[in-house]
2 protein chains.
Amino acid sequence: MRTTVQDVARAAGVSVSTVSRALTGGSVSPATREAVVAVAHRLGYQPNRAARGLITGRTGNLGLIVPDLRNPFFADVAKGVTARARAVDCGVFISDTDEDPVAELEAIATLRHNTDGILLCSPRAKDAELLAAADPQNTVLLHRRVPGLSSVVADIVDGTRQAVQHLRALGHRRIAYVSGPEDSWATRQRLAGLATFDGDDLEILPIGSVAPTFDGGVLAGDLVLAAPATAVLAYNDLVAMGLLHRLAARGAVVPDRLSVVGYDDVSLAGMSHPPLTSVSVPKDRAGAIGLDLLLGRAGSMTAAQGAEVILPTTLVVRASSGEPPA
Amino acid sequence: MRTTVQDVARAAGVSVSTVSRALTGGSVSPATREAVVAVAHRLGYQPNRAARGLITGRTGNLGLIVPDLRNPFFADVAKGVTARARAVDCGVFISDTDEDPVAELEAIATLRHNTDGILLCSPRAKDAELLAAADPQNTVLLHRRVPGLSSVVADIVDGTRQAVQHLRALGHRRIAYVSGPEDSWATRQRLAGLATFDGDDLEILPIGSVAPTFDGGVLAGDLVLAAPATAVLAYNDLVAMGLLHRLAARGAVVPDRLSVVGYDDVSLAGMSHPPLTSVSVPKDRAGAIGLDLLLGRAGSMTAAQGAEVILPTTLVVRASSGEPPA
DNA sequence: ATGAAAGCGCTAACAG
DNA sequence: CTGTTAGCGCTTTCAT
């Protein structure tokens with residue numbers, strides 16, 4: 001059997017309530033506290049979080065819901081969350097919903113009762129579904145905004161603008177854009193960024209929507225080559241990697257024939273050939289801030305008050321972008 | 001306040017114990033059960049797992065400890081675990097220890113008290129440390145074997161043999177091997193596989209140990225080019241990707257000048273240029289089986305009995321391996 | 001500053 | 001088959 005407060009109390013010659021106070025910071029005489037702490041340590045006492053949660057109403061755990069851990073973007077988010085959780089001694093339940101919106105809602109329903117809060121990465125579900133399933137008081141949406149819920153997002157509009165400005169500065173005037181899932185928040189933000197350049201001295205060529213995956217990028221490769229563009233901005237890095245792959249297979253040298261810019265700056269971006277220029281979004285920081293919001297540790301802001309945090313994006317220039325062909 | 005058994009009992013006009021029985025499968029009259037279930041559903045009742053765990057002694061949760069979620073290998077493992085966990089309605093606490101052996105041991109200490117069992121990916125910590133920190137009764141080691149603990153591993157020795165045989169069949173006679181962390185179980189297994197070929201008609205050229213990362217592979221690239229090898233087997237896919245990158249930069253065409261074979265077959269393997277031939281290890285299946293072991297769902301085997309599962313490996317041939325230069 | 005006692009929500013005896 | 005009762009381990013009144 002595990003050691004309980006009872007054991008510690010007996011060994012220290014005090015009552016259980018004194019042990020509890022000594023360990024959680026109640027008013028106890030310094031001498032008593034020291035003695036209790038020593039005994040607790042000697043016995044290897046670890047409070048039973050479930051029992052504590054039963055009475056305090058707080059579990060000390062929170063839930064993280066992501067569509068796919070294999071996607072490096074969400075791996076980064078999870079990394080940020082777990083790192084911060086470890087620092088504040090908070091448990092993290094993870095739920096990989098395998099891109100299934102139904103599983104997503106189920107996960108919300110399960111976790112909201114067994115945690116102090118939920119960090120939710122949900123690119124697919126509809127706004128109304130989320131609003132119906134989630135408790136605004138202790139849910140923080142990551143990398144998506146839904147009115148009525150707290151959220152931590154990156155400034156996608158500005159990031160998109162930076163990417164285009166970079167290409168324009170290099171001399172590009174016709175830039176293809178490979179879009180992702182229609183009707184998603186992330187897609188709309190990117191389009192809003194592109195709309196900034198309307199009526200300017202450059203042309204944005206929409207190539208259509210593809211799956212936000214490597215295969216989606218491969219598919220887009222041929223479409224891009226058929227367009228009169230000298231550069232292409234991809235929905236995300238995975239799509240950009242697929243593009244790079246297909247362009248290489250078709251003999252189109254990057255960036256000589258075509259410049260390629262990705263989005264998200266996942267860890268793979270530096271490993272591609274050539275290394276990928278990409279808009280960097282603070283994935284791990286978003287996760288950490290979301291956690292702080294949930295735990296009321298983010299200064300004055302809390303999830304309960306409907307916080308909306310926007311983090312800056314920065315363009316990371318690597319070798320996949322250069323001057324257009326002469 | 002959340003709805004409790006009390007609420008359900010009152011609304012259904014029965015006692016709390018009847019509600020409990022009706023919902024957990026005790027002996028209740030069909031009519032009563034139906035009524036209770038209906039009321040519970042109508043009230044949106046969700047049992048408080050903490051309270052249940054307090055009395056049953058089982059939390060319904062388990063812990064997964066990995067060194068780095070960003071590493072696609074562990075992302076795959078986590079994916080396998082969470083998928084199976086969802087199927088059996090079991091919560092998963094995740095702990096990313098950031099490659100820090102101390103954090104690893106801390107995570108074990110924390111989780112072993114708050115879960116029904118631990119799935120442990122620990123390539124770095126020493127055998128003795130693990131034995132001291134972990135409870136053999138409900139710990140399953142993933143992708144590593146330590147006498148005294150249950151484990152689920154892949155047949156690395158055989159996988160290594162398959163890789164070398166593939167290269168030999170292509171005509172290679174001098175094969176470089178880029179090793180990973182010295183003194184790790186995975187490294188020893190690979191070396192054991194290579195030792196199989198001693199005194200054969202081919203030569204294995206050890207290139208030394210590098211970090212099991214992309215950068216480690218980049219580093220190894222030049223060393224490999226300086227060796228009289230026509231093929232190289234890398235410690236893992238990340239190293240192989242780094243190798244590919246460096247070889248391309250040095251103008252060495254793969255597989256014309258040099259064949260490259262990776263290990264693990266992570267999702268990136270198909271995205272490299274050229275796509276990487278790699279030894280496939282069942283990462284997600286290992287995770288799922290480990291979970292079953294912990295929950296006593298793996299047929300006759302259980303973690304408590306010290307199960308040792310070995311899963312088969314298969315070579316996946318892609319474009320990075322071919323005949324040696326004439 | 002400390003102890004006794006009352007529960008948190010649930011399940012498992014124990015009666016009926 | 002069902003209701004009553006006693007806790008699981010912990011925190012938190014309420015006394016002292």
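Because the structure is a prediction, the values reported are computed rather than measured. Below, each value reflects all heavy atoms present in this structure, side chains not excepted, and no hydrogens, waters or symmetry copies. Residue numbering restarts at 1 for every chain, and letters A, B, ... go by the order of the sequence lines.
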Starting at [atom1] of [X] and ending at [atom2] of [N], how long is that distance when rounded to a whole Å?
X        : N      : atom1 : atom2 : answer
A:Arg52  : C:dG9  : CZ    : C1'   : 18 Å
A:Arg10  : C:dA4  : CZ    : P     : 13 Å
B:Leu23  : C:dG9  : CG    : P     : 16 Å
B:Ile55  : D:dC8  : CD1   : C1'   : 6 Å
A:Asn48  : D:dT11 : CG    : C1'   : 13 Å
A:His113 : C:dC8  : NE2   : P     : 19 Å
A:Arg33  : C:dA1  : CZ    : P     : 10 Å
A:Leu54  : C:dT11 : CG    : P     : 12 Å

Determine: side-chain N/O of [X] to OP1/OP2 of [N], distance under 4.0 Å, yes or no.
X       : N     : value
B:Ser27 : D:dT2 : no
B:Thr32 : D:dT2 : yes
A:Thr18 : C:dT2 : no

Give, for atom [atom1] of [X] and atom [atom2] of [Y], the distance between the pair rounded to the nearest 0.5 Å.
X        : Y        : atom1 : atom2 : result
A:Asp7   : A:Tyr45  : CG    : OH    : 9.5 Å
A:Asp135 : A:Ile118 : CG    : CD1   : 8.5 Å
A:Ile65  : A:Thr139 : CD1   : OG1   : 8.5 Å

Taking the side chain of [X] as its heavy atoms from C-beta onward, which of [options] lies nearest to it?
X       : options               : answer
A:Ser15 : C:dG3, D:dC1, D:dC8   : C:dG3
A:Thr4  : C:dC10, D:dG9, C:dT11 : D:dG9
A:Ser20 : D:dG9, D:dT12, C:dT11 : D:dT12
A:Val28 : D:dT12, C:dT2, C:dT11 : C:dT2

Donor-acceptor pair between B:Ser151 and B:Glu308 side chains, under 3.5 angstrom: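 Their side chains do not contain a donor-acceptor pair, so the 3.5 Å distance test is not met.
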Please, which pairs that meet salt bridge (charged side-chain N to carboxylate O under 4.0 Å, His left out) have at least one residue in [range], sequence neighbours excluded?
range                       : result
residues 114-132 of chain A : A:Glu99-A:Arg124, A:Asp127-A:Arg144
residues 33-44 of chain A   : none
residues 45-55 of chain B   : B:Arg49-B:Asp89

Among residues 34-47 of chain A, which contact DNA chain C at a heavy-atom distance under 4.0 Å?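 Here the set is empty: none.
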Any side-chain to backbone donor/acceptor pair from A:Thr18 onto A:Val14? Under 3.5 Å, distance only.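 Not a single qualifying donor-acceptor pair exists.
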Within a strict 4.5 Å, meaning less than it, do heavy atoms of the A:Leu62 and A:Phe93 side chains meet?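 A:Leu62 does not reach A:Phe93 side chain to side chain.
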Only pairs under 3.5 Å count here: list side-chain donor-acceptor contacts from residues 79-88 of chain A, not counting sequence neighbours, and write none if there are none.
{"from": "A:Lys79", "atom 1": "NZ", "to": "B:Asp68", "atom 2": "OD1", "distance (Å)": "2.5"}
{"from": "A:Lys79", "atom 1": "NZ", "to": "B:Asp96", "atom 2": "OD1", "distance (Å)": "3.2"}
{"from": "A:Lys79", "atom 1": "NZ", "to": "B:Asp96", "atom 2": "OD2", "distance (Å)": "3.2"}
{"from": "A:Lys79", "atom 1": "NZ", "to": "B:Asp98", "atom 2": "OD1", "distance (Å)": "2.9"}
{"from": "A:Thr82", "atom 1": "OG1", "to": "A:Ala78", "atom 2": "O", "distance (Å)": "3.0"}
{"from": "A:Thr82", "atom 1": "OG1", "to": "A:Lys79", "atom 2": "O", "distance (Å)": "3.1"}
{"from": "A:Arg84", "atom 1": "NE", "to": "A:Asp292", "atom 2": "OD1", "distance (Å)": "2.8"}
{"from": "A:Arg84", "atom 1": "NE", "to": "A:Asp292", "atom 2": "OD2", "distance (Å)": "3.0"}
{"from": "A:Arg84", "atom 1": "NH2", "to": "A:Asp292", "atom 2": "OD1", "distance (Å)": "3.2"}
{"from": "A:Arg86", "atom 1": "NE", "to": "B:Asp96", "atom 2": "O", "distance (Å)": "3.4"}

Shorter than 3.5 Å, N or O on both sides, protein versus nucleotides 13-15 of chain C: list them out with atom names.
{"from": "C:dA13", "atom 1": "N6", "to": "B:Arg21", "atom 2": "NH1", "distance (Å)": "3.4"}

